[in-house]
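Read the structure below first, then the notes.
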Amino acid sequence: MSSHGATPVPALARRSAALKGRVRVPGDKSVSHRSLIFGALAVGETRISGLLEGEDVLNTAKACAALGASVTRLGEGEWSVHGVGVGGLRAPEGVLDFGNAGTGSRLMMGMVAGNPIAATFDGDASLRRRPMRRILDPLEKMGVEVLDAAEGGRLPLTLKGPQELVPITYESPVASAQIKSAVLLAGLGAPGETTVIEKEASRDHTERMLAHFGAEVSVEPYGAHGRKVTLKGRPELKPAPIHVPADPSSAAFPLVAALIVPGSDVLIEGVMTNPLRTGLLITLKEMGADIAFENERVEGGESVADIRVRASTLTGVDVPAERAPSMIDEYPVLAVAATFATGETRMNGLSELRVKESDRLQAVADGLAQAGARYRIEGDDLIVTGTGTGGAAGGGTVATHMDHRIAMSFLVMGLATDTPLKVDDISFIATSFPSFLAQMRDLGALIETEAVPA
Ligand code: S3P
């Protein structure tokens, strides 16, 4: 089990003066997990720089090592992975513990599937509640055996890859990069072509990295918003250097903080601007946010930019459901921004939020209630009625439910509420953004962790 969680660490955010300065948030979590996984499947050494050294990713590193790869930390964010090749994984001796990480556990189920070995996957209480059937269903179609699983196919579970995996064409019932990636990673070990069809395109880091490591992969449009991805199985993956750009999902926190704290002016450096990750930026711009891309460039195969944000007067908007995959992790912090906007912001089609690290739809709603904000849930839609700058009252205690993004979102909110806002546990922030407190404080954010009443 992960190292934290036993003793909750509360924190209090207070109305802050203008946030100012430059910040470089840690490496992208999605790219970091994948760089370790692909490094472990390549033959030879892959060098990674800018790796996110958060707990989620470190658990992936440990699991790759347990499966036979040699994974070494060379310096801050600098890692070396000596891979064992597609089909070359060895059976791990112990349980693979992914802590809080849905991405690590789900992608590595696909990775293990292409090897005739058994492996047991486990995680913390949050991960044990999350649905895994969505991964097991396609993997079983490919010939994987589920030897053991908790009720409903949840963790802890044990998988065994077959001698000969069957390539499939899989139409994913939900737009999820985790499902797509698990099937493609399994497909690496299958003879012939494995195809994944999604009606709404999800983040494409797996496809990009497959190509970067020398696999034959093709991507075609599918319907109005979808994609069809086809991979030729059993390639020899060649090691390729990876530079991990800054995580737009982490950048979202200083970004929204700068928008809602009056007078702020912040530059967030080197943020990945992959179009399948920029739904929040598009939405905030529609709301009137003063956000500018500077120094746009390509780094390590991904587009990046320095993002300059100035405090802005925001107006509520309607966020279409089809935008959800490109901003799925950003709704909690968008809901915070929406409380400081004039009028209603309607976020449509949020069913997937219910199966994240927490039931995020409920956790956001409860947090807004604690802060005295106005909102309603209609089916899977969240509607927040903002009051303009000055926003919500604050004052309450937000339950974070082992969810890093709930903790960070409401700490951001407390920087602009009338009275301080408390969150009950910030320990899970270490899963994705270990330097959050220090970096936010550098910008001028007033966040206290000492002497906060539990
Ligand atoms: C991720 C995909 C998303 C996202 C998660 C990271 C990935 O999940 O919420 O934080 O790296 O593939 P889904 O694909 O299940 O929506």
Classify the side-chain pair [X]/[Y] by whether it contains a donor and acceptor separated by less than 3.5 Å.
X      : Y      : value
His33  : Thr60  : yes
His205 : Glu302 : yes
Thr278 : Thr273 : no
Asp403 : Ser358 : yes
Glu198 : Ser172 : no
Asn59  : Glu55  : no
Ser202 : Lys180 : yes
Ser249 : Glu330 : yes
Asp424 : Thr397 : no

Measure the spacing between [atom1] of [X] and [atom2] of [Y] and express it to the nearest 0.5 Å.
X      : Y      : atom1 : atom2 : result
Asp137 : Tyr170 : CG    : OH    : 5.5 Å
Arg203 : Ser181 : CZ    : OG    : 9.5 Å
Glu78  : Ser49  : CD    : OG    : 5.0 Å
Leu231 : Ser218 : CG    : OG    : 9.0 Å
Leu136 : Leu157 : CG    : CG    : 5.5 Å
Glu236 : Leu41  : CD    : CG    : 12.0 Å

Check whether more than 12 heavy atoms from other residues, nucleotides or ligands sit under 6.0 Å from atom [atom1] of [X], and answer yes or no.
X      : atom1 : answer
Lys285 : NZ    : yes
Tyr222 : OH    : no
Glu76  : CD    : no
Glu216 : CD    : no

Does [X] pair with [Y] as a salt bridge, N-O distance under 4.0 Å?
X      : Y      : result
Glu171 : Lys199 : yes
Glu269 : Arg22  : yes
Arg134 : Glu352 : yes
Glu357 : Arg360 : yes
Lys160 : Glu140 : no
Asp247 : Lys29  : no

Provide the closest heavy-atom pair for [X] versus [Y] in the form atom of the first, atom of the second, distance.
X      : Y      : value
Ala113 : Leu139 : CB-CD2, 4.1 Å
Ile260 : Ala337 : CG2-CA, 4.3 Å
Pro167 : Met142 : CA-CE, 4.5 Å
Leu280 : Met327 : N-CB, 3.6 Å
Leu19  : Val266 : O-CG2, 3.6 Å
Leu147 : Ala118 : CD1-CB, 4.2 Å

- Task: Check the pair Asp359 / Arg129 against salt bridge (Lys or Arg N to Asp or Glu O under 4.0 Å), numbers first and verdict last.
- Result: CA-CA 10 Å; Asp359 175 344; Arg129 281 192 290 270; over 6 Å; no
- Task: Might you work through the side chain to side chain contact (heavy atoms under 4.5 Å, CB included) test for Thr72 and Trp79, ending with a clear yes or no?
- Result: CA-CA 6 Å; Thr72 315; Trp79 289 65; over 6 Å; no
- Message: Evaluate Ser80 against Glu45 for side-chain hydrogen bond (donor to acceptor under 3.5 Å, both in side chains), listing each step before the verdict.
- Response: CA-CA 7 Å; Ser80 156; Glu45 185 192 13; 2.7 Å; yes
- Would Asn295 and Arg297 count as a side chain to side chain contact (heavy atoms under 4.5 Å, CB included) if you check the C-alpha gap in whole Å, the side-chain angles of each, and the deciding distance to 0.1 Å? CA-CA 6 Å; Asn295 193 12; Arg297 57 210 187 263; 3.2 Å; yes
- Item | side chain to side chain contact (heavy atoms under 4.5 Å, CB included) between Arg277 and Asp28, intermediate numbers included | CA-CA 11 Å; Arg277 298 288 297 280; Asp28 184 68; 2.9 Å; yes
- Item | Worked check of side chain to side chain contact (heavy atoms under 4.5 Å, CB included) between Leu353 and Met347 | CA-CA 11 Å; Leu353 284 201; Met347 294 162 250; over 6 Å; no
- Classify the angle between the aromatic ring planes of Phe253 and Phe436 as parallel (below 30°), tilted (30 to 60°) or perpendicular (above 60°).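 Correct class here is perpendicular.
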- Phe38 ring centre to Lys238 NZ or CZ under 6.0 Å, with the angle to the axis within 45°?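 No, cation not above the ring by the 6.0 Å, 45° rule.
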